[in-house]
Structures are given as C-alpha cells and as structure tokens.
Amino acid sequence: MNPAEMAAIHAACFTQPRPWSEAEFAELSASPQCIIQTAKLGFAIIRLAGPEAELLTIAVHPEARRQGLARSLLNALITDLNSRNCEEIFLEVVDDNTPAIQLYQSAGFENRAIRKDYYNGPNGQKSSALVMRKLL
Ligand SMILES: CC(C)(COP(=O)(O)OP(=O)(O)OC[C@H]1O[C@@H](n2cnc3c(N)ncnc32)[C@H](O)[C@@H]1OP(=O)(O)O)[C@@H](O)C(=O)NCCC(=O)NCCS
C-alpha cells in the first residue's frame, strides 16, 4: 500500500485526530523505526523506541469493518514485536472511541492513564486521550 492509499483510508476513518496527509505517510514509511502492516482496506503502524513500541494508528475502511481485519493487523504486529524482544506496546485513543477501545481490550491492552483535553477538535472542542498498554 502506498502513502496516497494510506492517506485515503485514513481520511475515510478519522476526523479527530485529524487525518494524516500523504506526505506524513511517506515520511513514516521511510522511517526505519516504523513497522507497517497492511491489508487491502486497512493498515496499522507502530513505531519502535528501544524496548517499547507505540501503535501510531490503525484504520480500517468503513466498508471492511467488523470482519476481523483490525484484529488480524494488530496480531501480526504483536507477533513481529515478540520476535524483536520488544517488552511493551502502548497507544493513545480518544476516550469515547468505543470500537477501538473494545478492539484493544480484546487484544489484552489495559488502561494506564487519561490525558484530559488532549485532542483539539475541529470546532474548538477538546477530547481526552486514554493511554493503554499491553506487556509483551
Ligand atoms: C477501530 C477499527 C480499527 C476496528 O476495525 P475492524 O476491522 O472493524 O475491527 P475487527 O473487525 O477486527 O474487530 C475486532 C474487535 O474490536 C471490537 N470492535 C470493532 N468494532 C466495534 C464496534 N463498532 N463496536 C464495538 N466493538 C467493536 C470488537 O471487540 C471486535 O471483536 P468482535 O467482532 O469479535 O466483537 C475501525 O473501526 C476503524 O478504523 N475506526 C476508525 C479509526 C480508529 O478509530 N482507529 C483507532 C484509533 S486509536
């Protein structure tokens, strides 16, 4: 999947946080710290930082949801991290994003912290971030 295709899927998935541009995906794709797992209508990106990994984003096109795609992307990334002896993976998610939070809980992530008013919405509204972590 190329950066333009990633940006198109991201735009179909996100308003808050804002969708990322093709240029941003090109930069992430070129980074040796990033691992990208793709499927036809979805992808997930993690960034390695020593013994930790951060899930930067996961997006499945609305037409392909509830078919196990995100779970399989996440599982593939976690298998990859285990082979690299990574110790934990963490992420931030808008605290009212029930589909994503349920996905992460079902994959064994636990709540670690709330970052109040962390995200700036399009009309000036603020949303809090839930920080979740899974030990590997
Ligand atoms: C969150 C998202 C990636 C899930 O993708 P998906 O491919 O539909 O998810 P899966 O089919 O793999 O579902 C795995 C589990 O996640 C949970 N889940 C997924 N969608 C859900 C929904 N709409 N409501 C409740 N739980 C949901 C369920 O526990 C599900 O397991 P189940 O189907 O056995 O009940 C997708 O909805 C999406 O792209 N959302 C917009 C982008 C986003 O919010 N990304 C996360 C930001 S941190």
Side-chain angles (χ1 to χ4, degrees):
M1 183 180 292
N2 65 38
E5 291 165 330
M6 286 186 212
I9 291 176
H10 217 246
C13 289
F14 284 97
T15 49
Q16 189 188 25
R18 66 164 177 84
W20 299 351
S21 67
E22 179 180 345
E24 287 169 305
F25 282 112
E27 195 175 328
L28 291 168
S29 300
S31 167
Q33 273 76 47
C34 288
I35 306 172
I36 303 180
Q37 191 72 38
T38 65
K40 195 171 171 206
L41 285 171
F43 64 93
I45 305 179
I46 53 180
R47 181 164 53 205
L48 301 170
E52 291 183 350
E54 179 179 7
L55 180 69
L56 296 182
T57 194
I58 184 165
V60 171
H61 193 280
E63 287 171 10
R65 289 188 188 158
R66 290 319 282 266
Q67 297 168 37
L69 196 51
R71 179 173 283 141
S72 85
L73 291 166
L74 205 47
N75 284 343
L77 287 172
I78 287 169
T79 301
D80 190 333
L81 291 176
N82 279 324
S83 74
R84 294 168 192 261
N85 294 322
C86 191
E87 292 172 11
E88 65 179 85
I89 176 169
F90 69 95
L91 60 86
E92 284 155 5
V93 55
V94 181
D95 69 348
D96 64 357
N97 187 344
T98 304
I101 291 169
Q102 295 215 359
L103 165 71
Y104 302 139
Q105 285 173 341
S106 74
F109 283 78
E110 59 185 18
N111 297 0
R112 295 295 292 171
I114 296 274
R115 293 187 176 145
K116 196 166 162 27
D117 297 339
Y118 185 73
Y119 298 107
N120 292 310
N123 302 314
Q125 82 270 24
K126 305 247 180 205
S127 302
S128 298
L130 173 62
V131 182
M132 302 182 79
R133 179 187 75 162
K134 177 181 169 70
L135 295 177
L136 300 173

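Residue numbers count from 1 along this sequence. Each ligand, and each atom within it, is numbered from 1 in the order the structure gives. It should be emphasised that the depicted structure is a prediction, and the values quoted were computed from it without experimental measurement.
Looking only at heavy atoms of the protein, atom 42 (C) of ligand 1 is closest to Phe14 CZ, 3.4 Å. Of all protein heavy atoms, the one lying nearest to atom 15 (C) of ligand 1 is Arg71 NH2, 3.4 Å. Protein heavy atom closest to atom 11 (O) of ligand 1, with residue, atom name and distance, is Gly68 N, 2.8 Å. Among protein heavy atoms, atom 13 (O) of ligand 1 sits closest to Leu103 CD1, 4.5 Å. Closest to atom 18 (N) of ligand 1, if we only count protein heavy atoms, is Pro99 O, 3.6 Å. Counting only heavy atoms of the protein, atom 32 (P) of ligand 1 lies nearest to Arg66 NH2, 3.7 Å. Considering only non-hydrogen protein atoms, atom 29 (O) of ligand 1 sits nearest to Gln102 O, 3.8 Å. If you check which protein heavy atom lies closest to atom 39 (O) of ligand 1, you get Val60 N, 2.8 Å.
A donor atom on one side chain and an acceptor atom on the other are not found under 3.5 Å apart for Ser31 and Arg47.
Where the criterion is an N or O separation shorter than 3.5 Å, residue side chain and backbone included, Val93 fails it with respect to ligand 1. Residue Thr98 places no N or O, backbone or side chain, under 3.5 Å from any N or O of ligand 1. Polar contact check, Ala70 against ligand 1: a nitrogen or oxygen pair lies under 3.5 Å apart. Residue contacts with ligand 1: Glu92 is placed with no nitrogen or oxygen under 3.5 Å of a nitrogen or oxygen of the ligand (distance criterion only). In terms of polar-atom proximity, Ala100 is not counted as a contact of ligand 1, lacking any N or O under 3.5 Å from an N or O of the ligand. The shortest N/O to N/O separation between Ile58 and ligand 1 falls below 3.5 Å. For ligand 1, one of its N or O atoms has an N or O atom of Gln67 under 3.5 Å away.
Dense packing is recorded around CD of Glu110, with more than 12 heavy atoms of other residues, nucleotides or ligands lying under 6.0 Å away. Atom CD of Glu27 has 12 or fewer heavy atoms from other residues, nucleotides or ligands within 6.0 Å.
Set against the non-hydrogen atoms of Tyr104, the atoms of ligand 1 under 4.0 Å away are 46 (C), 47 (C), 48 (S). Below 4.0 Å from some heavy atom of Ala59 lie the following atoms of ligand 1, by number and element: 39 (O).
Contact annotation for His61 and ligand 1: no heavy atom of the residue comes within less than 4.0 Å of the ligand. With a heavy-atom cut-off of 4.0 Å, Asn97 touches ligand 1 through its side chain alone. In Phe43, neither the side chain nor the backbone holds a heavy atom less than 4.0 Å from any atom of ligand 1.
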**Study point:** Candidate pair Leu91 and Ile46, rule side chain to side chain contact (heavy atoms under 4.5 Å, CB included), full reasoning
**Key:** CA-CA 9 Å; Leu91 60 86; Ile46 53 180; over 6 Å; no
Review point. What's the verdict on side chain to side chain contact (heavy atoms under 4.5 Å, CB included) for Asn2 and Phe25, showing C-alpha distance, side-chain angles and the deciding distance?
Key: CA-CA 8 Å; Asn2 65 38; Phe25 282 112; over 6 Å; no
